[in-house]
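First the proteins, then the strands, lettered A, B, ... as listed; each starts at 1. Not measured: the values here are computed from a predicted model.
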Amino acid sequence: MIPAIVWCVQRITGALLVILLIAHFWVEHFVSENLRRGDLTYDAIRARIMNPAWQAIDIAFLLIALVHGLSGARNIVMDYSRIGRRGARFVTAILCAVGAVWAWWGVAAFANLK
Amino acid sequence: MNSYQVQIRRSSPGHSYVRSYHVTSAERMTVLDALFRIQAEQDSSLAFRCACRVGMCGTCAMSINRVPRLACKTRISALDSPVVTLAPLPNFPVIHDLVVSLEPFFEQWKRIRPALRGSPSDTLAIILPDPDISRKRDCITCGICYAACGVKASHADYLGPAAINRAFLRVHDPRDSARQQRLKILNDEWSGVWRCHTQFNCTALCPKKIDLTETIGRFKRTLLVS
Amino acid sequence: MKLLLRKYAGPFSGMLAHLIQRATGLLLLVYLFLHVRTIYALRGGPAAFDRAVAGFRSPLFKLLEIALLAVVILHALNGLRITLIDLGAKHAAQRRLFAWSLGAGALIFLAGAIPLFLSSVLGR
């Protein structure tokens, strides 16, 4: 059951990321005059980033990207039988921990918005 | 009539080297024909395996110009090169010269319980031929798919295309009673169908033209919904 | 993987695509790390954030951004191709898909890279 779900989640998150990335690219490069010029400043993104809805979308985006990316990294490691089944479980635990810290960084970025 | 240089990666335990031989080709000469010539006329110590010589047994599989193929089915002229490089099949332990041990292949083969496990009831089953499945019966256990698989190159425990393909035949056989057992082995994330990354090397090189990647893909979809 | 490349000369029906997928995936993970760490500077307020992103206007950086776009497109299109295979596309189809995805990828890349490039040049 589980390996099938992991495999399926990888495809689904991948597809979602394509859509989210297009939207992200659009919003960050084409929406305001500043951004079109390539001027990235706090003020340039302020209006959007203060909105809790956008924060939620950004966090969801990061979580989906982390699941897809770290799951992919785990897949690479699983292809080398030298680490053994126990080694693979260990690597999975490490990647989960890394993912948790990484996610926290992303969420904590929105902590002090003015 | 062309002259070919045949470079063979030979070895005896602990010692590996390349030896070159010159062969004048005859019409429709295959790599296996060339090997027979070399062994008979130039170097009787050359070791290689063969049996049927007509592409039915799978015994003469080897690396020909760095592509795993059957030596008896590969015409020297079709290689389009004056130099023919022969080496033992990759991903297998080498015994001597071009002879490899197929132990790892059959270890995985046995894991999926290749024999039909009879059903408890003794009713006679009439099985209509299914073109979808028929072609998958053609496997001659040559080991080429195993040799070409990118995952097998780094993963000693992965089942490999041939074993998964044979499991497919058993799982789809209405007389078989070990379906759940086989699916469990195939479903193993570490060594089962999930290790396949659709590289298609196996499908491209199977001498019996079995669509192995498709077989594995079917299992992935089956295991997803079950 | 490297071992096999020395002993194997093809056909590379899907093997190169697979390697590209892994390489681009790892690159993107590295990028994501840098990106999240940079955005973390928001926490320090406007001054801190602007300082952290000041270096992003340099021409080298713009070129790297365009390179990033290429990496993303490669990984995304290849990923979509793999998903199609997982849904049942056959061997012959997947080779065509790979060729098409390279072509479509090039077009999409240009569609994104040219505005980026022009804005960084004209916007000065």
Asks: Only one of Pro68(B), Ser63(B), Pro90(B) passes side chain to side chain contact (heavy atoms under 4.5 Å, CB included) with Tyr8(C); say which it is.
Replies: Pro68(B)

Asks: For a 4.5 angstrom cut-off between non-hydrogen side-chain atoms, does His197(B) reach Gln21(C)?
Replies: no

Asks: Is it the backbone or the side chain of Ala87(B) that comes under 4.5 Å from a heavy atom of chain C, or both, or neither?
Replies: neither

Asks: Which residues in residues 73-88 of chain C have a heavy atom less than 4.5 Å from any heavy atom of chain B?
Replies: Ile82(C), Ile85(C), Asp86(C), Leu87(C), Gly88(C)

Asks: Just wondering, more than 12 heavy atoms not from Arg43(C) lying within 6.0 Å of its CZ?
Replies: yes

Asks: Should the heavy atoms of other residues, nucleotides or ligands under 6.0 Å from CZ of Arg111(B) be counted, would the total exceed 12?
Replies: yes

Asks: Is Arg96(C) atom CZ crowded by more than 12 heavy atoms from other residues, nucleotides or ligands, each under 6.0 Å away?
Replies: no

Asks: If I measure from the heavy atoms of chain C, does Ile216(B) come under 4.5 Å with its side chain, its backbone, both, or neither?
Replies: neither

Asks: Tell me, out of Glu214(B), Lys220(B), Arg9(B), Lys152(B), who's got the most heavy-atom pairs with chain C below 4.5 Å.
Replies: Glu214(B)

Asks: Might you confirm whether atom NZ of Lys73(B) has over 12 heavy atoms from other residues, nucleotides or ligands at distances under 6.0 Å?
Replies: no

